[in-house]
Amino acid sequence: MQVHSHPIHHPTLTKGISRPQLLACGVLILTLGLSVDFRQTRSALVTPANAADDCEQVVQPKATLSRSGLAKFLTIPEGKPRQAIRQFIHQPYCQLPKLHIRAGAVAEREAYPLGFDPRHWLVVLYEGDQYAGFEFVLHAGS
Amino acid sequence: MQDLNLSYMLAPRPVWQAWGHQLLLLIWAGLVAIGVGGCWQRSPHPTIEITLYQNWQLQPGDTLAGYTVAGGLGDISLVLGGQPIYAPYAGTTQLDQRGCIFYSAENVPAYMLRLCGVSTPHLGSVQAGDEIGRGSMLHLATLRKQPNGTWAMVEPDQTFIERLLQHP
C-alpha cells in the first residue's frame, strides 16, 4: 500500500483561492462591516415622523412653497402676526392637530411642502395670532 | 545537549507563511484604526448650548456650599422612582454641558424641553413612544424660543407633561 506524503502547509487551501487572498477577502468584509453605521440603518428602517400623516385638515391641496417664498419667510422674526407670514407663504397645504404645550395657549401648526424639495415640509407654529417658530420635517411619503 | 529539531527552519517555507505574521499585524492595526476612527466620529453626540432668556444665578448642575443644585427656578420636579420618560413625538435628544437632556420634537417648532436628573439617556433621534431615559427625580423645564434667539422658561400645560410620563 502506497502512502502519499502531503506537505503540512499548503498555500492553496481550496481550489483556486490562496490563503492571502482569503485573508484579504476577510479584511474587506470586516472593513465593510465596521464601516456601516447601524444607527443610521435603524433610523432609515424606522419610518420617520411624517407631517402629512399628521394632517388634520387639508386647506389647499396644491399648496407648495417656492424657494423665494421660503427665503422671504425666513427673514420674518418670531412674534409677528399670522397675517404678516401669510403675505409670503399664502395658504398652507394642511393644518396639524392643535397642541397644548404652554399653559393657557393653544398651538396651531400649518404645513407647507417645499416645491423644490418635496421630501421636506415646512411646519409653522402659531399661538393665537402670533407666529412662534418653524421646523423642517422630513416627509417620508415622497 | 537538547535535541532541537531545526528541520522546519531549514525547509523552504511558502511565501504566505513567511509574511503571515506581518500581514496579521497589519490587519489588526488596520481594524483597530478603523474601529477607533469610527467610534471617534460616531459615539459622542454633540452637546447643545443654548442661552436662557431668564439669566438666573443658579442653574441645575451648579454647586452651592458643596451641594449640587438639582433643579432651579422654572423647573417642575417629579418623583419618578426610576420610571421611564417617553418621547411624545419623534424628535432629537441632546445633552448639555451640565448633563441635562434637551428634547425637541420635529413637528413641534418653537419649543424644547430640558430634562435634568435623567439617568441612562437615549441620545440622538427618537421615535414617538421611545424611552428617553429614567430617573428617580425629574426636573423638567419647558422652553419657548424668543425672537432674539434665547429660550424662555414657560409654564407647561399639564396634558403635555402627562404625555412624557405615559407610554402612548
Side-chain angles (χ1 to χ4, degrees), chain A residues 7-13 18-24 26-27 30-31 33-40 42-43 46-51 53-54 76-80 96-97 99-107 109 111 121-127 130-138, chain B residues 8 11-17 19-20 23-24 26-28 30-39 41-43 45 87-91 104-113 123-128 130 142-149 152 154-163:
Chain A
I8 298 165
H9 302 291
H10 199 281
T12 308
L13 291 175
S18 66
R19 188 166 286 198
Q21 281 174 327
L22 204 66
L23 277 172
V27 170
L30 274 172
T31 309
L34 284 169
S35 308
V36 174
D37 189 341
F38 288 105
R39 289 181 306 172
Q40 279 175 11
R42 177 190 172 268
S43 44
V46 177
T47 312
N50 195 334
D53 283 349
D54 284 350
I76 308 168
E78 291 90 347
K80 290 282 180 188
L96 308 185
L99 295 176
H100 299 269
I101 309 163
R102 189 161 62 95
V106 179
R109 296 170 297 160
W121 291 40
L122 174 78
V123 175
V124 184
L125 189 143
Y126 299 96
E127 279 182 339
Q130 194 187 54
Y131 160 57
F134 73 93
E135 200 76 63
F136 291 108
V137 179
L138 185 67
Chain B
Y8 73 97
R13 296 164 72 194
V15 176
W16 68 265
Q17 197 188 354
W19 291 95
L23 195 65
L24 272 176
L26 206 68
I27 290 163
W28 279 117
L31 289 179
V32 167
I34 290 164
V36 168
C39 292
Q41 283 173 355
R42 289 172 207 153
S43 71
H45 296 274
Y89 307 98
S104 54
E106 288 168 3
N107 276 359
V108 187
Y111 280 99
M112 196 154 57
L113 295 179
L123 300 175
S125 67
V126 286
Q127 298 300 313
D130 277 2
T142 309
L143 306 169
R144 186 179 184 270
K145 199 176 181 193
Q146 300 301 296
N148 66 358
V154 294
E155 185 189 1
D157 195 276
Q158 211 168 304
T159 54
F160 194 70
I161 304 174
E162 274 174 348
R163 294 201 62 177

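Computed from a prediction, not measured in an experiment: that's the story for all the values here. Atoms considered below: every heavy atom in the structure, side chains included; atoms not considered: hydrogens, waters and symmetry mates. Residue numbers start from 1 in every chain, and the chains themselves are labelled A, B, ... in the order their sequence lines are given, proteins ahead of strands.
- Residue B:Q158 places its CD atom among 12 or fewer non-hydrogen atoms of other residues, nucleotides or ligands, all under 6.0 Å distant.
- B:N107 CG to A:L96 CG: the interatomic distance, rounded to the nearest 0.5 Å, is 6.0 Å.
- From B:E106, atom CD reaches atom CH2 of A:W121 across 14.0 Å, with rounding to the nearest 0.5 Å.
- Ranking B:A110, B:G124, B:P147 against chain A, the residue ahead of the rest is B:P147, based on heavy-atom pairs under 4.5 Å.
- The two atoms that bring A:L125 and B:P109 nearest to each other are CD1-O, 3.3 Å, heavy atoms only.
- Remark: A:E127 pairs with A:R102, B:R144 by the salt bridge (Lys or Arg N to Asp or Glu O under 4.0 Å) rule, at least two apart or across chains.
- Residues passing the side chain to side chain contact (heavy atoms under 4.5 Å, CB included) test with B:A152 are B:Y53, B:Q54, B:Q146, sequence neighbours excluded.
- Only the side chain of A:L99 comes within contact range of chain B, judged by heavy atoms closer than 4.5 Å.
- Within the model, atoms CD1 of A:I101 and CG of B:L143 stand 12.0 Å from one another, a figure rounded to the nearest 0.5 Å.
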Residue pair A:R109, B:V108: steps toward the side-chain contact (heavy atoms from CB on, under 4.5 Å) verdict:
CA-CA 8 Å; A:R109 296 170 297 160; B:V108 187; 4.1 Å; yes

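- Per-residue counts of heavy-atom pairs under 4.5 Å with chain B were compared for A:G79, A:A103, A:G133, A:P77; the largest is that of A:A103.
- Between atom NZ of residue B:K145 and atom CD of residue A:E135 there is a gap of 8.5 Å, rounded to the nearest 0.5 Å.
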